Each structure stands twice: as C-alpha cells, then as structure tokens.
Amino acid sequence: MKRLILTLAAVLLASGCNQDPGPLTVSTDSVPLFPDDPGRRNLDQLTYQGGIEISSETPGFGGWSAIEISPDGERLLAISDGGAWLTATLEYDRNGQLDGLGHPRMAPLRDARGEPLEGAAGDAEGLAPLGGGRYAVSFERDHRIQVYDIGEDWSGIDTALPEPYTAPPGLNRLRDNGGIEALAPAENGLWAGIEHPAVDGQPHTIWHLGDGDAVPHSMHLSDGFGLTALARAAPGELIAVERYWSRSTGNRIRLTRIADSALEASAAGGPGLGPDLLGELDTSMTVDNFEGAAIAEVNGEPHLLLISDDNFNAEQRTLLLSFSLRSGDG
C-alpha cells in the first residue's frame, strides 16, 4: 500500500540552504521481510513487525544514517550524511505493525555560527540521546562528535547550534569513510564505535567517552563486517548492526547483542568478546545499506527499528523496518 504525505513545515535543506522553505512530500510503501514469502515473519531471535520504503523527490532527502525513536514509539528522529535532520511520526496498524510515516519535517544541521553544514563537514553518521533533549552527533571525513540541544520535543532542529564533545584520540588517522559510525548512551557518557578496526585483522575498538576521558574497549565482529550502529536495548545491554557489502553478493546485515560488562572486561585486559547473533539479513530478504538502529516500546514490548542509507543513489532504497525480540528457534 502506497501512502503520500505532504507537510507544509519548513524545509531548509543543507544542499540548498538558500532556497525558500517549501512543502516536503514523502511517500511510503509497505514491504514484507521475505518478498517471496510475504507471510513469513520469523528471523532467528527476531519477529518482523512491519516495514516501509520511504521516498521523496524533495532535493536533499536521503542518506539517513542514524535514528532515535521516542520512548513511546510514536516519533522518529534521523540524521543524514548530507547534513540534515528529519523528524516524523510513526504509524502502526491495529496489530502494532509499522505501516506509515506522518508529518515529516527536515532542517539542516548547523555549525557554531548558525550556517548549514555543507560537504565533508555535514557527513553525520551517529546519533545518541544524552538526556534533556540533548543529542550527540558523530561525523566522519571531518571527524568529530558534537552535541545539539533540540529539545525533548525535537522542535529545535531548525536552530540548534553545536557544542564540542569528548572525542577519542587519533581521529586524524581514521580513513575518510571509516569514522565514528556508531553511538549509544552509556553510564556517564557514550559508547562510540568506528566502522572498521584501526588495524586490519584486529578487534573493533569501542570507546567509552565521558568526563573528558576516552577509554578503549574491544569487540570481535564477523570477518569482513563493519560496525554501522549501536542501540541501547536495556540497562547493561547493546544491540549492534554489522554490515558486509561486496559488488558480487550485495548487502548482508548481522544484528547482534553484547553486554556492557563484556566490553568493560576487554578494557581491563580481557579478550575482546564477540556478540550474540539475533538475526541475519541477506539478499533473499528486504535488505539494503542499514546504518541506523534504535529501540522503542510498541504495544508494551521493545521493538528494534532499522533505517537504511540510500547514499542518494537511485538504485538503493530508504527502508525503515521494525522487529520485536523473541525467544525460540524461529
């Protein structure tokens, strides 16, 4: 089912910051998890709870690389590697299946002078709440972490200005397209992870950032997979999105779970531990370049939502999928 959504909220795009505000038109299509078996919903330890493909002809729409969801599961906040914010409401059917998007609104990420970020400066990749309406945003190419106070209702996306946040050491040595992709709230700070190991063949580095310190931890990912997102699943527990891509096989996505305590043990000199597999998506399923993840409560149970970055490429899609955690073999 296709839906067309038109909002008259201001649209100030980073790619066209001098244009007048205008309408943002977004359309959505419901998508099954298994195109060849639309009724199938089980995926290892996950159950599919609906998903949509999102499209818009508005210039600058796309590249959504990280998301947060309001605790009640009703609102979406996203950032784009084109230097933009997106807010919207999430729509569900009577069974709690994600089936639409409403009231979309875009605005540019701004620099400390209030000017829209452009080019490498606007390549936003990670997003995490700090409380009180403040959000940490990580950037690659121009590697850094900044904090924006957009309010708990997110009404400040048009005007929020950044403040610096503690950054890991050695950011200047990271590859342009291999910066801090993953952010998640931690006790007294943030967890921050880069997409690929600093040294090939070594574990991924996940930093705990807080109180002016950056403490490195280790996590083993599957060979060839990069870390694209972290989400706070529960106290003491993170969900990671691991991505593999090759021209011959396309996208593969692993969704895994790791305890904070396992990361902390690695900082104390223990081995870097591998996370537990929740589910894996491959090209037989509805899959694309998933880079953002968040947890929200829907109908009284936690749902994991994933968003894909279409790289502003007409051959890729912006997908928003929802899963609930379950026990059993699937």
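For the single chain, residues carry numbers from 1 onward in sequence order. All of these numbers come straight from a predicted model, not from anything done at the bench.
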Between [X] and [Y], what is the shortest heavy-atom contact and its length?
| X | Y | answer |
| --- | --- | --- |
| Leu209 | Ala192 | CD1-CB, 3.8 Å |
| Pro168 | Ile180 | CD-CD1, 3.8 Å |
| Asp142 | Arg144 | O-NH1, 2.8 Å |
| Ser56 | Leu24 | OG-CD1, 3.9 Å |
| Ile79 | Gly126 | CD1-O, 3.3 Å |
| Asp310 | Gly63 | OD1-N, 2.9 Å |

Do [X] and [Y] have side chains that get closer than 4.5 Å, going by heavy atoms?
| X | Y | answer |
| --- | --- | --- |
| Arg232 | Leu238 | yes |
| Leu77 | Trp85 | yes |
| Leu101 | Leu90 | yes |
| Tyr92 | Leu98 | yes |
| Pro203 | His220 | yes |

- [ ] Apply side-chain contact (heavy atoms from CB on, under 4.5 Å) to the pair Arg317 and Thr286, showing each step before the final yes or no.
- [x] CA-CA 10 Å; Arg317 298 180 290 173; Thr286 296; 3.9 Å; yes

- [ ] Can you label the angle between the Trp154 ring and the Tyr135 ring as parallel, tilted or perpendicular, going by 30° and 60°?
- [x]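 Trp154 vs Tyr135 ring planes: perpendicular.
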
Open item on the list: Students often mix this up, so state it plainly: with edges at 30° and 60°, are the rings of His196 and His204 parallel, tilted or perpendicular?
Closed with: tilted

Open item on the list: Please tell me whether His303 and Ser322 have a donor and an acceptor in their side chains that are separated by less than 3.5 angstrom.
Closed with: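 Short answer, yes.
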
Open item on the list: Whether the Asn289 and Arg243 side chains hold a donor-acceptor pair (N or O, under 3.5 Å, no angle test) is what I'd like checked.
Closed with: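 Yes - a donor-acceptor pair under 3.5 Å links their side chains.
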
Closer than 3.5 angstrom, by distance alone: can the side chain of [X] be matched with the main-chain N or O of [Y] as a donor-acceptor pair?
| X | Y | result |
| --- | --- | --- |
| Ser65 | Ala124 | yes |
| Gln45 | Leu277 | yes |
| Asn313 | Glu315 | yes |
| Thr87 | Arg75 | no |
| Tyr148 | Leu109 | no |
| Ser80 | Gly62 | yes |
| Asp282 | Ser284 | yes |
| Asp93 | Asn95 | yes |
| Asp44 | Leu46 | no |
| Glu91 | Gly100 | no |

Are [Y] and [X] connected in a single hydrophobic cluster, I mean Ile/Leu/Val/Met/Phe/Trp/Tyr linked by side-chain heavy atoms less than 4.5 Å apart?
| X | Y | answer |
| --- | --- | --- |
| Leu127 | Leu117 | yes |
| Leu278 | Tyr244 | no |
| Val147 | Leu161 | no |
| Met285 | Leu325 | yes |
| Val287 | Leu306 | yes |

Task: Within 6.0 angstrom of Asp72 CG, more than 12 heavy atoms from elsewhere - done: yes

- [ ] Please indicate whether Glu187 has more than 12 foreign heavy atoms, meaning atoms of other residues, nucleotides or ligands, lying under 6.0 Å from its CD.
- [x] no

Point-to-point distance, once rounded to the nearest 0.5 Å, from [atom1] of [X] to [atom2] of [Y]:
| X | Y | atom1 | atom2 | value |
| --- | --- | --- | --- | --- |
| Ile67 | Leu320 | CD1 | CG | 5.5 Å |
| Ile150 | Arg134 | CD1 | CZ | 11.5 Å |
| Ser308 | Leu281 | OG | CG | 11.0 Å |
| Asp276 | Glu237 | CG | CD | 9.0 Å |
| Glu280 | Thr256 | CD | OG1 | 10.5 Å |
| Phe323 | Leu305 | CZ | CG | 9.5 Å |

Task: Check ion pair Arg105-Asp158 (N to O, under 4.0 angstrom) - done: yes

- [ ] Flag the pair Asp99 and Arg94 as a salt bridge only when some basic side-chain nitrogen lies within less than 4.0 angstrom of an acidic carboxylate oxygen.
- [x]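 Arg94 and Asp99: not salt-bridged.
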
Open item on the list: Assess the residue pair Arg40 and Tyr48 against the criterion (side-chain contact (heavy atoms from CB on, under 4.5 Å)); give the C-alpha distance rounded to whole Å, side-chain angles, the decisive distance to 0.1 Å, and a yes or no.
Closed with: CA-CA 8 Å; Arg40 182 180 173 189; Tyr48 187 55; over 6 Å; no

Task: Intermediate values then yes/no, ring pair (Phe, Tyr, Trp, His ring centres under 6.0 Å), His208 and Trp191 - done: CA-CA 5 Å; His208 181 272; Trp191 291 112; 5.3 Å; yes

Task: Verdict with supporting geometry, Val137 and Gln146, side-chain contact (heavy atoms from CB on, under 4.5 Å) - done: CA-CA 5 Å; Val137 179; Gln146 295 185 308; 5.5 Å; no

TODO: Test Leu319 against Glu53 for side-chain contact (heavy atoms from CB on, under 4.5 Å), laying out the working first.
DONE: CA-CA 5 Å; Leu319 297 171; Glu53 178 182 349; 3.9 Å; yes

